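When a ligand or atom number is given, it counts from 1 through the structure's own listing order. Small disclaimer: the values here were computed from a predicted structure and weren't measured. Basis for what follows: all heavy atoms, side chains included, without hydrogens, waters or symmetry-related copies.
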Amino acid sequence: MPEDDVELEARLAEQDTFEPPEAFVEQANVADESIYDEFEEHWPECWERAADLLDWDEPHEQVLDDGDEPFYEWFVGGKLNASYNCIDRHVEAGAKNRAAIKWEGELGETRTYTYQDLYREVNEFAAALRGLGVDEDDVVTMYMPMIPELPIAMLACARIGAPHSVVFAGFSADALATRMNAADSEYLVTCDGYYRRGEPLDHLAKANEGLDGVDHGVEAAVVVDRLGDAGFGHDLRGNQHDWDELVAAQQGERVEPVSRDAEDMLFLMYTSGTTGQPKGVKHTTGGYLSYVSWTSRAVLDVKPEDTYWCAADIGWITGHSYIVYGPLALGTTTLMYEGSPDYPDRDRLWELVEKYDVDIFYTAPTAIRAFMKWGTSYPAAHDRSSLRLLGTVGEPINPRAWKWYYTNIGEESCPVVDTWWQTETGGMMVTGLPGVSTMKPGSAGPPLPGIDARVVDASGDEVAAGNAGYLSVHRPWPGMLRTLYRNDERFLEEYWQEYSDPEADEWVYFPEDGAKIDDDGYITVLGRVDDVLNVSGHRLGTMEIESAIVGVEGVAEAAVVGGHHDVKGEAVYAYVILEEGTPEGDEMRARIVEGVEDAIGPIARPESVVFTPELPKTRSGKIMRRLLEDIANGAELGDTTTLRNPDIVRDIQRQVEGD
Ligand code: WTA
């Protein structure tokens, strides 16, 4: 451990709580703790505060319609357009020259879009989409890296009322095809490639392979030329169009924002669940946009004059809510960076903080743990005095990483908000308010005002302070998912079955996370309790990875579990049974890794592949994942007496230790 870290630890190790810095409180968007009581007393009308952050074409008639639980509706009767709220109204209010998006490419190219520029680009691309035949309610898939055309395309869709479904660019061709098939999406926006660690990647080859796997007609694809001369020389197919040419043909076109019902779908986002099939989480225009605007304002303290940076990828929910929709609805400047945090060197992010005078920085614990490992010299080399607030999201943050972030990035002058939420919740749910709450490293904090999150035991009763149980949410909120796309049944099963009592008219949302509650009501989220892994803050279903492995020729059976990893949080451990006659060894291992990368993407790559003649199974034939997790973690083995084949556990363990 570097010396300065040792000193820091000695000084802060004992400190369990931190107060918000006074200078921060003085300027905070929310600095009065009465907001908790106020929301409690006026629930659900309190949520009008969120809706009031937006401009509506028609005001709502009812805040919450809970007549058909748990299919809640928010701001019923209201009408609005998300693109209008993120762009036009700021231009109309005189902010047309304010930067909306500042973008930096990995190689150092930069682009700035003022709100006026964004207005022009979004209108022209919206006109182009219409020209290609995209109608209101058609799902447009986007398979794009962190380039400005991605938010432009999202906002263009929002403008014409076509929901988007963004597929993370790091996902494989198969993953793209699965998602386009599930949404019956006939349109794709993609690009030729992008840079990773200085090297161009051929993205269109992957997109094309994905398109080949789409089992309905694809009307049109739009391809951004990101790489120019460094590209891979693909010829566009018959139904593929070059972004620049399409937009040039629409120069000066303006598209009237389509007035959408508050409950109309704004977008779909596929996320991993317990089965092999990803879940299409449906978010709406009014509730979602109100909620991400409200939380951006209250938790991230976003102000129009800020330069705000969420270093996530727009391909995940964090990027949707807190790179694109929340910050732009509030009229701030949102920064986008295309590449890796360690290219060309490990100070790249701090160089950007200095260069752009970043006020607010939001990232994942996995990144913070990597910064910690790299050491303090990288941030120390750059002026970070512009920073006012730090945030984390995506996985639990250990107190040591929290304190490192607070001290070495924030210089003990920026509050740190640890925000718990999910793709399904749309926005933040459990976190302190930075101008109000005492911070407790490692604990996300109290539920936000208006959010009724609790920790319950298996029978649904609240656990006593100091105890662990399951996180549950006992009242609806505007940003909640409305259903799983075309699958109400799975929506009910996945989220509402566990703790609800329909007969008593009690509906409880179950996020499938374990948690602990302290006597001050602070919630520490412990991690998933379903078969979902959290690798570097990314959600991956074990079933998805298992079915990818079983798809490799020569594999008979596979079990995947998460094992502890110092930087990634969790890493993928695969236990594999081969078919008779298939030789074990590095070649087979490589094929399995490749199979996973092809089916899902490099993020799901197994850290370890262990061959075994059998998997530990209960007498009823269920794989004992808990034991496999113990092995992956090098932990003391749990009870093996209920196993049909107890010896196998020791055999596997010996192999892993011998690795
Ligand atoms: C985990 C990301 C602990 C949790 C926004 C959740 C967290 C899953 C935190 C959702 C946090 C997210 N502390 N765990 N602050 N934030 N998680 O859908 O397990 O990609 O269920 O949304 O990440 O992941 P998702």
Side-chain angles (χ1 to χ4, degrees), residues 166-168 170-171 268-274 278-283 288 291-292 295-296 299-300 310-323 325-326 362-369 390-399 401-402 405 416-432 439-448 451 453 455 468 470-473 479-481 484 494-495 509-517 522-542 544 562 568-570 603-604:
V166 179
V167 179
F168 174 57
F171 274 140
L268 262 180
M269 165 128 263
Y270 283 91
T271 188
S272 295
T274 344
K279 307 188 272 199
V281 171
K282 175 184 160 181
H283 282 296
Y288 171 84
Y291 196 69
V292 296
T295 45
S296 295
V299 181
L300 295 172
C310 166
D313 192 294
I314 295 177
W316 305 98
I317 193 70
T318 304
H320 279 52
S321 301
Y322 299 113
I323 297 178
Y325 286 112
Y362 189 34
T363 192
T366 187
I368 297 167
R369 289 191 295 263
L390 300 173
T392 82
V393 55
E395 39 174 336
I397 181 164
N398 43 312
W402 192 102
Y405 192 37
V416 174
V417 283
D418 173 359
T419 61
W420 175 86
W421 57 291
Q422 309 180 295
T423 303
E424 292 86 343
T425 67
M428 301 159 179
M429 300 287 283
V430 177
T431 174
M439 295 171 268
K440 259 174 54 170
S443 168
L448 279 173
I451 299 298
V455 179
Y470 303 96
L471 196 56
S472 55
V473 186
M480 67 197 305
L481 82 163
L484 292 176
E494 293 259 359
Y495 307 107
Y509 172 80
F510 180 45
E512 300 184 271
D513 269 331
K516 184 171 103 19
I517 188 142
Y522 273 48
I523 294 175
T524 298
V525 179
L526 301 168
R528 306 282 311 186
V529 294
D530 56 357
D531 295 327
V532 170
L533 306 185
N534 194 329
V535 177
S536 301
H538 298 148
R539 240 168 103 166
L540 298 170
T542 49
E544 282 172 83
K568 297 178 184 173
E570 263 186 318
I603 45 165

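- Side-chain contact, K516 with Y522: no donor N or O sits under 3.5 Å from an acceptor N or O.
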* Asked: How far apart are the C-alpha atoms of S321 and Y291, what are their side-chain angles, what is the distance that settles it, and do they pass the side-chain hydrogen bond (donor to acceptor under 3.5 Å, both in side chains) test?
  -> CA-CA 9 Å; S321 301; Y291 196 69; over 6 Å; no

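- Within 4.0 Å of ligand 1, protein heavy atoms belong to I317, T318, V393, G394, E395, P396, D418, T419, W420, W421, Q422, T423, D513, V525, R528, N534, R539, listed by chain and number.
- Using modelled atom types, one finds no donor on one side chain facing an acceptor on the other under 3.5 Å when comparing E424 with T271.
- For T425 and Y509, the side-chain atoms include no donor-acceptor pair closer than 3.5 Å.
- D513 is linked by a side-chain contact (heavy atoms from CB on, under 4.5 Å) to W420, Q422, L471, V525, R528, counting only residues two or more places apart in sequence or in another chain.
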* Dump the intermediate steps for side-chain contact (heavy atoms from CB on, under 4.5 Å) on L300 and T295, then the final yes or no. => CA-CA 7 Å; L300 295 172; T295 45; over 6 Å; no

